[in-house]
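Taking it in order: structure first as structure tokens, then the write-up.
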There are 2 protein chains.
Amino acid sequence: MPPKTKLRDPAAEITFGALPDLIGYQLRLAQIAIFRDFAQTLGSYEISPGLFGALVIIEANPGLKQTELARATRLDRSTVVSLVDNLERRALVERRSAAGDRRSNALQLTPAGKALLKKLQRLVAEHEQRLAANLSAKEQLTLVKLLEKIFPEYR
Amino acid sequence: MPPKTKLRDPAAEITFGALPDLIGYQLRLAQIAIFRDFAQTLGSYEISPGLFGALVIIEANPGLKQTELARATRLDRSTVVSLVDNLERRALVERRSAAGDRRSNALQLTPAGKALLKKLQRLVAEHEQRLAANLSAKEQLTLVKLLEKIFPEYR
DNA sequence: AAGGTATGGTTGGATGTCAAACAGTATGCT
DNA sequence: AGCATACTGTTTGACATCCAACCATACCTT
């Protein structure tokens with residue numbers, strides 16, 4: 001006869017097998033929690049971590065083109081199209097014609113974009129503080145250092 | 001006159017502003033790289049990290065119901081519906097009628113599901129090893145410990 | 001026993017993401 | 001100068017995910 005699977009006691013806690021030992025799994029859990037708090041913090045502004053990152057990178061590199069933004073954010077070029085559509089619709093970002101190349105768009109923050117980014121950065125700083133509330137300054141540094149050692153060849 | 005934004009030198013490297021100091025950002029980068037390697041490792045099996053996690057949890061808790069799986073995987077209940085649809089279509093998981101409750105489904109791995117999971121676990125172990133290639137055993141432990149300190153209240 | 005409330009699974013709509021295919025433009029080779 | 005190749009932004013289609021609404025079933029209070 002076939003081996004019967006013993007069912008679990010419905011009142012028992014769920015167990016996670018070998019998952020908790022996996023770094024990839026723990027990272028995923030942490031990121032889900034972070035995303036949640038991030039969304040809650042910036043709730044009223046309709047800004048995701050990805051959009052925030054894009055704004056920061058555009059401000060730091062005014063005039064960059066979409067493909068460069070895609071590489072920097074690790075997004076597909078086609079995803080960047082709708083991302084920029086979104087930000088442009090909200091008048092936070094402008095697509096200008098690039099200097100020497102009629103194919104590419106030179107991206108820039110509008111004054112409104114810069115102003116909003118300032119506010120967001122304050123909120124993100126608060127979020128980051130909550131995220132790291134249980135970590136000493138030293139631990140935070142260690143954490144970042146360790147994270148950077150994961151697949152450094154992909155950066 | 002309005003303040004002109006100084007455009008960046010097109011030949012220069014892209015800079016990332018304050019992003020690299022953010023734990024949330026570094027975590028995101030690491031996770032993207034991990035996801036990429038994971039997908040490449042299990043490429044032929046059409047299994048995402050989420051699906052793998054679900055299989056592990058179902059095996060470790062045979063007979064659990066979809067809502068419990070949703071909580072365990074941090075997915076929405078509606079997402080679990082299509083996830084289980086997927087696995088059931090591939091005959092890896094079964095929805096059985098639960099013992100005392102006609103609303104809920106008792107989830108179980110099929111023999112094929114168990115067999116596949118065995119193979120996957122070997123591949124995931126390899127993936128995990130690659131991921132941690134630059135980390136000593138001690139560092140790996142430290143990393144997991146630090147990750148667990150991020151929003152522990154959400155676990 | 002009956003009614004209201006809570007729970008389990010499902011559906012439909014919105015969004016974010018990737019991958020593949022495309023047209024316009026630039027670059028390089030001969 | 002002309003042609004092949006590469007790159008830029010875009011469109012389309014597939015998929016995962018969330019949220020809100022829904023129906024059926026279970027539970028609880030009286």
Side-chain angles (χ1 to χ4, degrees), chain A residues 10-11 14 28-29 31-33 35-40 42-43 45-54 58 63-90 93-107, chain B residues 10-11 14 28-29 31-33 35-40 42-43 45-54 58 63-90 93-107:
Chain A
I14 297 280
R28 204 178 110 108
L29 285 194
Q31 221 215 335
I32 290 172
F35 189 94
R36 203 160 121 179
D37 186 85
F38 189 100
Q40 204 163 340
L42 304 211
Y45 292 101
E46 304 275 340
I47 293 282
S48 65
L51 285 185
F52 175 74
I58 295 172
L64 88 171
K65 43 192 181 179
Q66 295 183 195
T67 297
E68 293 174 316
L69 180 59
R71 280 195 65 81
T73 53
R74 270 79 172 173
L75 292 175
D76 193 86
R77 283 181 303 146
S78 58
T79 306
V80 167
V81 171
S82 50
L83 183 152
V84 174
D85 281 352
N86 179 342
L87 295 177
E88 199 172 37
R89 205 179 316 123
R90 295 154 74 175
V93 163
E94 272 183 1
R95 279 187 241 239
R96 301 217 183 165
S97 44
D101 192 332
R102 266 185 302 173
R103 294 171 302 179
S104 45
N105 299 326
L107 301 177
Chain B
I14 298 281
R28 203 177 110 107
L29 285 194
Q31 223 216 330
I32 290 172
F35 189 94
R36 204 160 118 179
D37 186 85
F38 189 99
Q40 204 162 339
L42 305 212
Y45 293 100
E46 302 275 339
I47 293 283
S48 65
L51 286 185
F52 175 74
I58 296 172
L64 88 170
K65 41 191 180 181
Q66 296 183 192
T67 297
E68 293 174 315
L69 180 58
R71 281 194 64 81
T73 54
R74 270 78 170 173
L75 291 175
D76 194 84
R77 285 182 303 145
S78 58
T79 306
V80 167
V81 171
S82 47
L83 183 152
V84 174
D85 281 352
N86 180 343
L87 296 177
E88 200 172 37
R89 204 178 318 121
R90 294 155 73 176
V93 164
E94 272 182 1
R95 281 186 240 237
R96 301 217 182 164
S97 44
D101 190 335
R102 265 183 304 168
R103 294 170 302 178
S104 46
N105 300 326
L107 302 178

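As a basis for the values below, the full set of heavy atoms in this structure was taken, side chains included, without hydrogen atoms, waters or symmetry mates. Protein chains get the first letters and strands the later ones, always in sequence-line order, with residue 1 at the start of each.
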Rounded to the nearest 0.5 Å, what's the gap from CG on A:Leu83 to CZ on A:Arg77? Could you check? 15.0 Å
Between CG of B:Leu69 and C1' of D:dT17 the distance, given in whole Å, is 15 Å
Please tell me which of the listed nucleotides, C:dT25, C:dG9, D:dT17, lies nearest to the side chain of B:Ser82? D:dT17
Taking any heavy-atom pair under 4.0 Å as a contact, classify B:Asp76: base, sugar-phosphate, or nothing. base
Can you tell me which nucleotide in D:dT8, D:dC18, D:dT11 comes closest to the side chain of A:Lys65? D:dT8
For A:Asn86 and C:dT17, give me the distance from atom CG to atom C1', rounded to whole Å. 14 Å
Residue closer to the 5' end of DNA chain C, A:Thr79 versus A:Arg102 (nearest nucleotide): A:Thr79
Return the minimal non-hydrogen interatomic distance between B:Arg74 and A:Ile32, and the atom names on each side. CB-CD1, 3.9 Å
Distance, rounded to the nearest Å, where B:Arg71 contributes CZ and C:dG9 contributes P: 14 Å
A:Glu68 has an atom CD; how far is it from atom P of D:dC7, in whole Å? 13 Å
Side-chain N or O of A:Gln66 less than 4.0 angstrom from OP1 or OP2 on D:dC7? no
Establish whether the base of D:dT8 is bridged to the side chain of A:Arg103 by a donor-acceptor pair shorter than 3.5 Å. no
Closest to side chain of B:Leu75, choosing from D:dT10, C:dG9, D:dC18: D:dC18
Residue met sooner reading DNA chain C from 5', once A:Asp101 and A:Leu83 are mapped to nucleotides: A:Leu83
Decide yes or no, distance alone: a donor-acceptor N/O pair under 3.5 angstrom between the base of C:dG9 and the side-chain of B:Arg77. yes
Spacing between A:Phe38 atom CZ and C:dG16 atom P, to the nearest angstrom: 13 Å
Scan B:Arg36 against the nucleic acid and name what it touches under 4.0 Å (heavy atoms): base, sugar-phosphate only, or nothing. nothing
Rounded at 0.5 Å granularity, tell me how far CZ in B:Arg71 sits from CG in B:Leu64. 12.5 Å
Respond yes when some side-chain nitrogen or oxygen of A:Thr67 is under 4.0 Å from OP1 or OP2 of D:dC7, and no when none is. no
To the nearest angstrom, the CD-C1' distance between A:Glu46 and C:dG16 comes to 14 Å
Which nucleotide in the set C:dA26, C:dT11, D:dG9 lies at the smallest distance from any side-chain heavy atom of B:Ser78? C:dT11
Please report the distance, rounded to the nearest Å, between CG in B:Leu51 and P in D:dA16. 7 Å
Matching residue for B:Asn86 among B:Arg90, B:Glu88, B:Arg89 - test: side-chain hydrogen bond (donor to acceptor under 3.5 Å, both in side chains): B:Arg90
Expressed in angstrom and rounded to an integer, what is the separation of B:Arg74 atom CZ from D:dA16 atom C1'? 18 Å
Show the numbers, then the answer: is there a side chain to side chain contact (heavy atoms under 4.5 Å, CB included) between A:Ile14 and B:Glu68? CA-CA 8 Å; A:Ile14 297 280; B:Glu68 293 174 315; 4.0 Å; yes
